[in-house]
Amino acid sequence: MDTLSQFKNELEAEYHTTRKFFEAYPEGKNEYAPHEKSMKMMPLSTHIAEIFEWPNTMLTTSELDFANSGNQRKQLSTREDLLQALDQKFKSGKEALENAQENDLNDTWALKHNGHELAKWTKYESIRHALNQITHHRAQLGVYYRLNDIPLPGSYGPSADYQGF
């Protein structure tokens, strides 16, 4: 199996898991954060949804400068908004992986802020990092859910809240 197919399969698996988490998203908790330095729940969830698009950005550009990208995070306010954003971003990321060529993964991609290079990887490493970010931030969201007594969906098997699949 080629790398792009593996990435596409992994992105799809993470999408289905994340969708279960977003289907459980609690209305009325958008501003919840467990600590003053933590992201609030809706911005964190929005960020998770956005990451599903990153393969598209990474495969079609050579860099992203947060300060100069012109991209403004869309303000989401409901569970339905979140699910729609996830579906849209996933579709974009998956299509980019389907349309890419294996050798595209060898090019470099940089993450910058106001011209200052924060990280530079191959596009393979960039996409791998993005997939890791999905898992990382979804785990954060799981902690937020747990602290609010919201049952956790299973991620890679059943959770303590749902013993069955």
Q: Measure the acute angle between the ring planes of Phe52 and Tyr15, then classify it against the limits of 30° and 60° as parallel, tilted or perpendicular.
A: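 Judged by the thresholds at 30° and 60°, the geometry between Phe52 and Tyr15 is perpendicular.
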
Any donor-acceptor pair under 3.5 Å linking the side chain of [X] with the backbone of [Y]?
X: Lys123; Y: Pro55; value: no
X: Thr17; Y: Ala13; value: yes
X: Lys20; Y: Gly154; value: yes
X: Glu50; Y: Lys89; value: no
X: Ser126; Y: Met58; value: no

Q: Report the C-alpha separation of Asn30 and Leu76 in whole Å, then their side-chain angles, then the decisive distance to 0.1 Å, and conclude whether the side-chain contact (heavy atoms from CB on, under 4.5 Å) test is met.
A: CA-CA 9 Å; Asn30 291 358; Leu76 306 179; over 6 Å; no

Do [X] and [Y] have side chains that get closer than 4.5 Å, going by heavy atoms?
X: Leu97; Y: Ile127; value: yes
X: Pro26; Y: Met41; value: yes
X: Leu147; Y: Tyr32; value: yes
X: Arg138; Y: Glu14; value: yes
X: Ile134; Y: Trp54; value: no

Q: May I have the step-by-step check of side-chain contact (heavy atoms from CB on, under 4.5 Å) for Gln101 and Asn106, ending in yes or no?
A: CA-CA 10 Å; Gln101 301 296 315; Asn106 298 324; over 6 Å; no

Q: Would you mind checking if Lys8 and Asp2 are paired as a salt bridge, meaning a charged N to carboxylate O distance below 4.0 Å?
A: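 No.
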
(Q) Rounded to the nearest 0.5 Å, what separates atom CH2 in Trp109 from atom OG1 in Thr60? (A)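 Output value for this atom pair is 10.0 Å.
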
Q | Lys40 NZ to Thr46 OG1 distance, which is reported to the nearest 0.5 Å | A |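 These two atoms lie 13.5 Å from each other.
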
Q) At their closest point, which heavy atom of Ser77 faces which heavy atom of Met42, and how far apart are they? A)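 The pair with the smallest heavy-atom distance is C-CE, 3.8 Å.
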
Q | Nearest atoms (heavy-atom pairs only) where Tyr25 meets Tyr145 | A |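 Looking at all heavy atoms of both residues, the closest pair is CA-OH, 3.2 Å.
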
Q) Do we see a donor-acceptor contact under 3.5 Å between the side chains of His136 and Gln133? A)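 Not at all, the side chains of His136 and Gln133 share no donor-acceptor pair under 3.5 Å.
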
Q: Quick one: do Glu102 and Thr3 satisfy side-chain contact (heavy atoms from CB on, under 4.5 Å)? Show the steps, please.
A: CA-CA 7 Å; Glu102 196 74 19; Thr3 306; 2.7 Å; yes

